[in-house]
Amino acid sequence: MSESKKVIAAIATAQAAGGVGMIRVSGDDAMEICDKIFTAVSGNELKNSKGYRAHFGRVSDKDGDIDECVALVFRAPYSYTGENVVELSCHGGLYVLKRVLRAVLAAGACPAKAGEFTERAFLNGKMDLTQAEAVMDLIGAQGKQAADAALTALGGTLSREIEADTEKLVNVCAHLSAWVDYPDEEIEELENDEMLGTVSAVEKSLEKLLATYDGGKVLTQGVQTAIVGRPNVGKSTLMNMLVGSQRSIVTSYAGTTRDIVEESVTLGGISLHLSDTAGIRESDDPIEAIGVDMAKDRLQKSEFVIAVFDGSEELTKEDMDILEFCKDKLCLGVINKTDLDVKNVRDEISKYIETVVEISAEKLNGKDELEEAAAKLLETDRIDTTQAMLTGERQYLSVTEALSCVREAKFALESGMTLDAVNVSLDCAIEKLLELTGRKASEEVVNGIFARFCVGK
Ligand code: GDP
């Protein structure tokens with residue numbers, strides 16, 4: 001039996017107690033295997049069932065009944081994987097689900113590897129690699145925009161765009177090859193301008209796609225964010241407000257936050273991977289000094305900085321150092337403690353940081369303003385989630401490489417190089433695009449993608 005025809009099984013729902021839990025079984029003999037452990041109240045066997053049918057019954061193993069169960073039957077190719085599939089929905093207790101899975105495995109199925117159901121869907125032509133990646137993005141989505149973008153990609157928007165570009169290049173290539181390989185045939189020579197027009201159009205299209213990566217990355221991967229500010233301005237309190245729980249230690253003594261506390265929060269649908277640091281002032285305390293060094297390092301690496309100031313006090317020398325540091329960074333200024341008597345610090349802060357919001361972290365005031373300002377700065381308010389978008393490093397690299405080959409081809413055409421040279425560059429571009437959709441991806445690439453999935457998907 002070939003590897004892809006083996007019946008695989010896994011718990012497809014979250015590994016936690018829940019109302020319903022589901023075990024997915026996929027492969028040629030999925031129905032026959034499930035018939036060994038499932039008895040429908042109707043007395044009908046799953047192997048005789050039509051597709052898209054639900055059967056109510058019981059699952060049991062050698063020790064007796066395990067649970068009541070609804071068995072959903074899908075017949076190839078009309079299933080998620082494109083194979084015969086049975087989904088056994090039981091009560092969502094972990095004990096029950098694990099025991100049912102053990103029974104399915106004892107009946108002849110193999111445990112599914114991470115992402116193996118989706119990998120089979122890909123291998124069976126149900127989706128391409130960009131859609132498979134979208135499945136993962138959708139599962140991991142932290143907010144509406146990320147979910148919308150993933151759904152657009154799952155619907156094939158990115159694939160269609162890539163395929164349209166590929167086809168244009170393939171047409172030029174095919175014509176060129178025919179013309180170069182069969183000089184005696186009456187093959188009409190493509191006009192240079194016509195080829196240049198097509199290649200330039202593809203160049204533009206790939207450039208446009210590449211430009212979507214920054215936004216796509218922010219939506220799917222989040223943003224490395226540092227909260228910076230001198231001790232006691234309210235960084236930990238702000239972080240707690242964003243996290244929604246008491247995670248950092250909050251005291252009124254300066255310099256309490258010695259370690260870098262990390263937390264991911266969703267602000268306006270964007271994941272911010274926050275680090276709340278010890279501040280960046282010089283310190284004689286050796287432990288604090290280590291914290292300060294770590295903080296500086298973290299700051300250098302962060303993509304987004306939230307600089308916090310105490311609105312109830314005048315700006316200090318350390319505040320000014322922080323402002324100086326923030327000048328060249330993508331930075332959101334936060335004036336905290338606005339529930340107290342507020343000094344006029346805004347004008348000075350605004351000289352260094354363009355976007356400044358006023359909040360009271362302790363009173364939980366200003367979260368909406370923070371969200372809005374962050375979305376503007378990170379430009380997520382301008383992302384059109386209905387359009388094709390690159391969301392992962394792999395996609396970005398493939399398009400970058402394809403674009404570079406397209407530019408080579410364009411240069412070859414413009415500078416009157418041989419058509420062979422044009423052909424070689426176009427071939428390389430096509431290869432990269434086929435790799436992106438998976439129509440010609442190596443096993444390593446495919447395995448690498450699916451290994452990042454969870455088991456059961
Ligand atoms: P950090 O050193 O910057 O992390 O500052 P903390 O978050 O530990 O806060 C220092 C002190 O300021 C604590 O006593 C907080 O309760 C207080 N604090 C923080 N935010 C506010 C605020 O919005 N208003 C007022 N009145 N006090 C605050």
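Numbering of ligands and ligand atoms starts at 1, following listing order.
Interface atoms of ligand 1 facing Leu340, defined by a heavy-atom separation under 4.0 Å, are 26 (N). Within the listing of ligand 1, atoms 22 (C), 23 (O), 24 (N) sit less than 4.0 angstrom from a heavy atom of Ser360. Taking every heavy atom of Asp339 and a limit of under 4.0 angstrom, the matching atoms of ligand 1 come to 22 (C), 23 (O), 24 (N), 25 (C), 26 (N). Of all atoms in ligand 1, numbered sequentially from 1 with element shown, those under 4.0 Å from a heavy atom of Lys235 are 1 (P), 2 (O), 3 (O), 4 (O), 5 (O), 7 (O).
Under the side-chain hydrogen bond (donor to acceptor under 3.5 Å, both in side chains) criterion, Arg394 pairs with Glu133, sequence neighbours left out.
Note: no N/O pair closer than 3.5 Å links Thr338 and ligand 1 by distance alone. Below 3.5 Å of separation, one finds no N or O of Pro231 facing any N or O of ligand 1.
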| field | Step-by-step side-chain contact (heavy atoms from CB on, under 4.5 Å) determination, Glu358 to Glu369 | value | CA-CA 8 Å; Glu358 297 186 15; Glu369 287 82 351; over 6 Å; no
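Taking the charged nitrogens against the carboxylate oxygens, Arg230 and Glu313 do have a contact shorter than 4.0 Å, which makes a salt bridge. Of the charged side-chain nitrogens involved, at least one lies within less than 4.0 Å of a carboxylate oxygen, so that Glu303 and Lys217 count as a salt-bridged pair. The pair Arg160-Glu163 fails the salt-bridge criterion, with no side-chain N (NZ, NE, NH1 or NH2) lying under 4.0 Å from an Asp/Glu carboxylate O.
Between Thr237, Ile227, Ile335, it is Thr237 that holds the heavy atom closest to atom 6 (P) of ligand 1. Among Lys363, Glu362, Lys337, the residue whose heavy atom sits closest to atom 12 (O) of ligand 1 is Lys337.
Put simply, the side chain of Lys98 never gets that close to the backbone of Ile11: no donor and acceptor are under 3.5 Å apart. Looking only at distances, no side-chain donor or acceptor of Ser264 sits under 3.5 Å from a matching main-chain atom of Ser271.
Not a single heavy atom of Gly229 sits under 4.0 Å from any atom of ligand 1.
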